[in-house]
Asker: 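Supplied in structure tokens, the structure appears directly below.
Chain A is the first sequence line, chain B the second, and so forth, proteins listed ahead of strands; every chain is numbered from 1. On a predicted model such as this, the values are computed, not experimentally measured, just so you know.
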Protein chains: 2
Amino acid sequence: MENQGAGQGLHARVLETLGPAITAGEYPPGTILRTDELEERFEVSRTVIREAIRVLESMHLVASRRRVGVTVRPTEEWNVYDPRVIGWRLAGPDRPRQLRSLTVLRSAVEPVAAGLAARHASPAQCAELTEHAMGMVATSRGQQLDAYLVHDMAFHRVVLAASGNEMFARLGDVVAAVLTGRTHHHVMFTDPDPAAVTLHVQVAEAVRVGDADRAEALTREITAGAMAELDVLAP
Amino acid sequence: MENQGAGQGLHARVLETLGPAITAGEYPPGTILRTDELEERFEVSRTVIREAIRVLESMHLVASRRRVGVTVRPTEEWNVYDPRVIGWRLAGPDRPRQLRSLTVLRSAVEPVAAGLAARHASPAQCAELTEHAMGMVATSRGQQLDAYLVHDMAFHRVVLAASGNEMFARLGDVVAAVLTGRTHHHVMFTDPDPAAVTLHVQVAEAVRVGDADRAEALTREITAGAMAELDVLAP
DNA sequence: GCCCGCCTTTAAGTATGACTTTTACGTCAC
DNA sequence: GTGACGTAAAAGTCATACTTAAAGGCGGGC
């Protein structure tokens, strides 16, 4: 996840405490927070608390009502596509569940994105793609998982961007977060699956020659692999 | 789109003016807004403006920097999955573009969601599904487009919810917005495509009997139809 | 005894003025 | 021309006073 929201203001600091706490379930839905209580707890002024609350409200994590206070909303109402919410949940206790959701989303989106990329990708993007695929090949053996990850993330980011769909493009961070999670929680001694590496190379090639169906099918294989890994990764 | 954000506070009213204006491109990226200027324009206190700005900032529509002001961010950085941003853009000048993006997203997500629904749907959800499919059949002829729309939206909402994936479930509003847009901008005299109606009935059936592949394939046909309509709808 | 409406009280919302902090930009010396 | 420095501008923070909505209790009417 990108560094979005690690801002410097006081309100940002309050947010970085309350957000994770709420998404972690430390304040179950229905919990009531009062502003003056928070004011005291964080030793900041009312202004700061209110601004933090306003942001949490815009994420649909809480609702603020007069004469009642700030109540935590039920999980189903959260804006689960907010990058900050995603980041917080990935860092919290329902990380496995979150990783599953995101991987399923990937498996739906990426193949279609790859198909579109085959139609729309610019020469420059095609070049980037092959470059990163090559990079993956080069780093796929001999405990270079971190270097491999960089290429893997970049590869998928380019595919999503090349799809020409802004909604897809904005999922680059999500995919990056999933891949990072995979690498850092997997058995760090195992080199990446050679079959997966080959698939990436083939996708790059399919996109380059404009074979949308093939790009889509190959990417579907990649995401199927990710889904299969999931049972080990997020039980 | 749900009524999310039509709040009653003053800051909400400021937001409902600035948000649409920014997403409509009235303040091109790089534009600088100063708080005291806005204060004056909206005839409200600093507090109110600051809270509105904080929300816009959390949507990545603007960035606030000391000694500079509040600058409008480039489009690529916006949180395009924020329901309010989606709503604003659908109401603005790049509605066609937005409709395209969302329909492509639909075409990626819904088939996979239908496949999952076939595996996970509860008996109650299956019942709802057939009910709404029947409702679509019943209202598919004789200028009952509004009634048809209600069933159509409900149908897709149930499929997304039944997928068991919270990320998918949260796209219910998006799909509803797209369907609404379709109905209200289409030739209002044309009854829905009978083939599409049949497909919905068949999807309900496939989900009921747990045939994931069939549910997915049929839904892919539905979304392909939606994509085809797009050229007429959003040129 | 029960229901409806008023009234109190509480907590969020708004307004304002004073003060702090960051930082872009212009100036001046080298 | 370059670099250090100082100034000022605008956001950020704080404290306080006041306004508004509404939850929950109180009392009167039925």
Asker: To the nearest 0.5 Å, tell me how far B:Ile53 CD1 sits from B:Leu33 CG.
Answerer: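 Going from the CD1 atom of B:Ile53 to the CG atom of B:Leu33 covers 6.0 Å.
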Asker: Specify the separation, in whole Å, of atom CD of A:Glu40 and atom C1' of C:dA11.
Answerer: 15 Å
Asker: When every nucleotide of nucleotides 7-13 of chain D is labelled 5' to 3' by its protein contacts under 4.0 Å (heavy atoms), B for base, S for sugar-phosphate only, - for none, what sequence of letters results?
Answerer: -BBSBBB
Asker: What's the CD-P distance between B:Glu39 and C:dG17, to the nearest Å?
Answerer: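 One finds 10 Å between P of C:dG17 and CD of B:Glu39, rounded.
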Asker: For the pair A:Asp82 and A:Arg89, find out whether any cationic side-chain nitrogen is under 4.0 Å from an anionic carboxylate oxygen.
Answerer: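 No, no charged N to carboxylate O under 4.0 Å.
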Asker: Sequence neighbours excluded, which residues qualify as side chain to side chain donor-acceptor pair (under 3.5 Å) partners of B:Glu37?
Answerer: B:Arg34
Asker: To the nearest Å, give me how far apart CG (B:Leu15) and P (C:dT14) are.
Answerer: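 B:Leu15 atom CG is separated from C:dT14 atom P by 12 Å.
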Asker: Taking the six-membered ring for Trp and the single ring otherwise, decide whether the centroids of B:His151 and B:His200 are under 6.0 Å apart.
Answerer: no
Asker: Any chance you could lay out the salt bridge (charged side-chain N to carboxylate O under 4.0 Å, His left out) test for A:Arg54 and A:Glu57, step after step, and finish with the verdict?
Answerer: CA-CA 5 Å; A:Arg54 210 68 329 132; A:Glu57 199 179 31; 3.0 Å; yes
